[in-house]
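These notes concern the structure reproduced below.
Note that ligands are numbered from 1 as they come in the structure, with each ligand's atoms numbered from 1 the same way.
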Amino acid sequence: MARIAQKSRIVQKFGGTSVGDIGRIKRVVSHVKNAVDAGHEVAVVVSAMAGVTDDLVATVGQAADEWDSSEYDSVVSCGEQICSGLFALALQQAGVPARSWLAWQVPVRTDGVHGKARIQSIETDILAESMAQGQVAVVAGFQGLGPTGRVTTLGRGGSDTTAVALATALDADRCEIFTDVDGVYTADPRIVAKARKLDKITYEEMLEMASLGAKVLQTRAVELAMKYHVPVHVLSSFRGPPGTLLIDEDDFVEQHVVSGIAYSRDEAQITLVSVLDKPGIAAAVFGPLAEANVNVDMIVQNVSEDGANTDLTFTVGKADVDRAVGVLRTLRDALHFRDVVPDSNVVKISVIGVGMRSHAGVANRMFQTLADKSINIKVIATSEIKISVLIAEEYCELALRALHTAYGLDSA
Ligand code: ADP
Ligand code: ASP
Ligand code: MG
């Protein structure tokens with residue numbers, strides 16, 4: 001829709017901890033009030049109050065062993081409904097005209113992939129009209145309206161994506177993500193005490209950080225921000241600016257070789273022991289896994305000692321391990337492997353930086369640092385701007401801290 005209003009528009013998103021109880025909601029509405037008082041039109045996106053979505057997910061698990069994913073969405077999307085209403089009430093209480101919007105009321109249209117739906121369009125006409133009349137729009141994040149009229153959800157952490165998509169649809173001047181840390185750090189500040197806050201990070205690095213485990217922003221939100229050049233600002237709900245700004249690589253002046261370190265406990269390792277070493281084996285293993293909707297990430301094939309058999313190790317999402325092992329067992333006769341061994345006690349550690357494109361020796365520093373701590377690397381994967389290794393989960397914190405120091409990222 002064409003912009004009629006002269007005012008600048010801002011989308012402000014508040015995460016679960018920021019709206020964790022009524023006291024916090026009452027506190028954080030001041031950010032919205034300040035923006036309104038400064039003359040902006042404001043759309044707010046809220047998450048469920050901290051812990052609510054986890055509880056709803058657990059409750060679904062108690063109701064059924066295997067669930068209908070559309071009913072799952074119907075249940076787990078409720079936390080945002082409650083929070084949007086409470087947030088609108090708190091704004092009204094603070095003297096700021098506001099109303100809540102559920103995804104179907106906007107509507108935020110998605111595809112029909114329940115549990116991890118993708119936003120296809122957001123119709124902003126009615127919403128923008130209401131904003132132009134001076135009402136803050138408080139939109140329930142994480143929810144969507146699927147093609148058959150049912151409620152969908154965008155995957156855990158999906159309110160970030162609602163916020164960036166709404167900023168794009170509203171042609172907003174910026175999208176502010178208010179959270180419980182005061183920006184994006186060189187590593188998760190809850191684990192690495194010496195982590196440093198970054199004033200700026202490139203979209204591309206943030207995309208890698210998010211997809212490799214740094215949950216401060218949902219990956220899809222960063223993808224959208226990068227595609228549509230949405231200025232995203234990650235800020236603390238409680239401590240105020242300056243936060244971290246997502247920027248294009250061309251605008252980056254002070255380049256570091258490594259900008260950040262991420263970890264993910266979401267993957268599990270599977271080893272096929274003594275599988276036939278002949279052409280077509282990889283296709284015979286990974287084809288059926290893909291058909292069963294199992295995403296495979298890292299892969300390593302050991303050198304064959306006898307020329308006939310080898311071990312094949314790869315990682316899949318922890319939630320998919322049982323399904324993957326089930327599929328592999330059905331292939332046993334065809335592939336003649338001796339055993340299939342799953343291991344969920346692993347963590348993937350990744351170092352990320354656009355500077356890697358022009359610097360050598362980055363990977364070696366990672367391997368040497370881990371070797372000095374006697375940490376065994378199980379699998380390695382690299383791309384242009386990241387190196388990931390899979391190690392035993394018990395070494396997660398030790399490895400993160402050692403690498404943080406080795407790459408010169410520690411705060412003074
Ligand atoms: P919200 O509820 O506001 O969406 P999340 O819990 O989803 O917040 O994301 C914020 C959390 O992300 C932080 O509390 C922090 O522990 C974690 N995190 C992981 N990696 C990083 C990082 N590199 N920088 C900042 N926070 C990070
Ligand atoms: N409440 C949802 C979750 O916990 C969405 C979000 O917080 O972004 O995953
Ligand atoms: Mg989040």
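- Here Asp188 has heavy atoms under 4.0 Å from ligand 1 in both its backbone and its side chain.
- You'll find the side chain of Phe238 reaches within 4.5 Å of the side chain of Val28, heavy atoms only.
- Using a 4.0 Å cut-off to heavy atoms of Val184, the atoms of ligand 1 that qualify are 24 (N).
- Partner Asp410 forms a side-chain hydrogen bond (donor to acceptor under 3.5 Å, both in side chains) with one of Arg196, Arg401, His404 and no other, that one being His404.
- Of all atoms in ligand 1, listed by their number and element, those nearer than 4.0 Å to a heavy atom of Arg190 are 13 (C), 14 (O), 15 (C), 16 (O).
- Closest to atom 13 (C) of ligand 1 by heavy atom, among Asp160, Val192, Asp180, Val216, is Asp180.
- Each of Asp277, Thr313, Asp311 was scored for a side-chain hydrogen bond (donor to acceptor under 3.5 Å, both in side chains) with Gln301, with one residue passing: Asp277.
- Counting only residues at least two apart or on different chains, the salt bridge (Lys or Arg N to Asp or Glu O under 4.0 Å) pairs with a member in residues 87-114 are Arg109-Glu123.
- Nearest protein neighbour of atom 5 (P) of ligand 1, counting heavy atoms only, is Lys215 O, 4.1 Å.
- Between Phe178 and His31, the distance from one ring center to the other falls under 6.0 angstrom.
- Residue-level proximity to ligand 1 for Ala187 is carried by the backbone, the only part with a heavy atom below 4.0 angstrom.
- Interface atoms of ligand 1 facing Thr179, defined by a heavy-atom separation under 4.0 Å, are 1 (P), 3 (O), 8 (O), 10 (C).
- Atom numbering of ligand 1 starts at 1 in the shown order; those under 4.0 Å from a heavy atom of Lys13 are 4 (O).
- Considering backbone and side-chain atoms alike, Tyr185 places an N or O below 3.5 Å from some N or O of ligand 1.
- Looking at Ser84 and Ser100, their side chains never bring a donor and an acceptor atom within 3.5 Å of each other.
- Using modelled atom types, one side-chain atom of Thr369 and one backbone atom of Arg365 make a donor-acceptor pair closer than 3.5 Å.
- Around CZ of Phe367, the count of heavy atoms belonging to other residues, nucleotides or ligands within 6.0 Å exceeds 12.
- Taking only non-hydrogen atoms, the option from Ala50, Gly141, Gly183 nearest to atom 25 (C) of ligand 1 is Gly183.
- Nearest protein heavy-atom neighbour of atom 2 (O) of ligand 1: Gly16 N, 3.0 Å.
- Using a 4.0 Å cut-off to heavy atoms of Met209, the atoms of ligand 1 that qualify are 23 (N).
- When the shell of 6.0 Å around CG of Asp322 is examined, it contains 12 or fewer heavy atoms from other residues, nucleotides or ligands.
- The closest approach between a heavy atom of Pro189 and any atom of ligand 1 is below 4.0 Å.
- Under 4.0 angstrom from ligand 1, there are no non-hydrogen atoms of Lys197.
- By the 6.0 Å contact criterion, NZ on Lys215 is open, its count of non-hydrogen atoms from other residues, nucleotides or ligands being 12 or less.
- The immediate protein surroundings of ligand 2, defined as residues with any heavy atom under 4.0 Å of it, consist of Ser47, Ala48, Thr53, Glu80, Phe142, Arg156, Gly157, Gly158, Ser159.
- The backbone N or O of Val341 sits nowhere less than 3.5 Å from a side-chain atom of Asp339 that would complete a donor-acceptor pair.
- The backbone N or O of Gln218 sits less than 3.5 Å from a side-chain atom of Asp160, completing a donor-acceptor pair.
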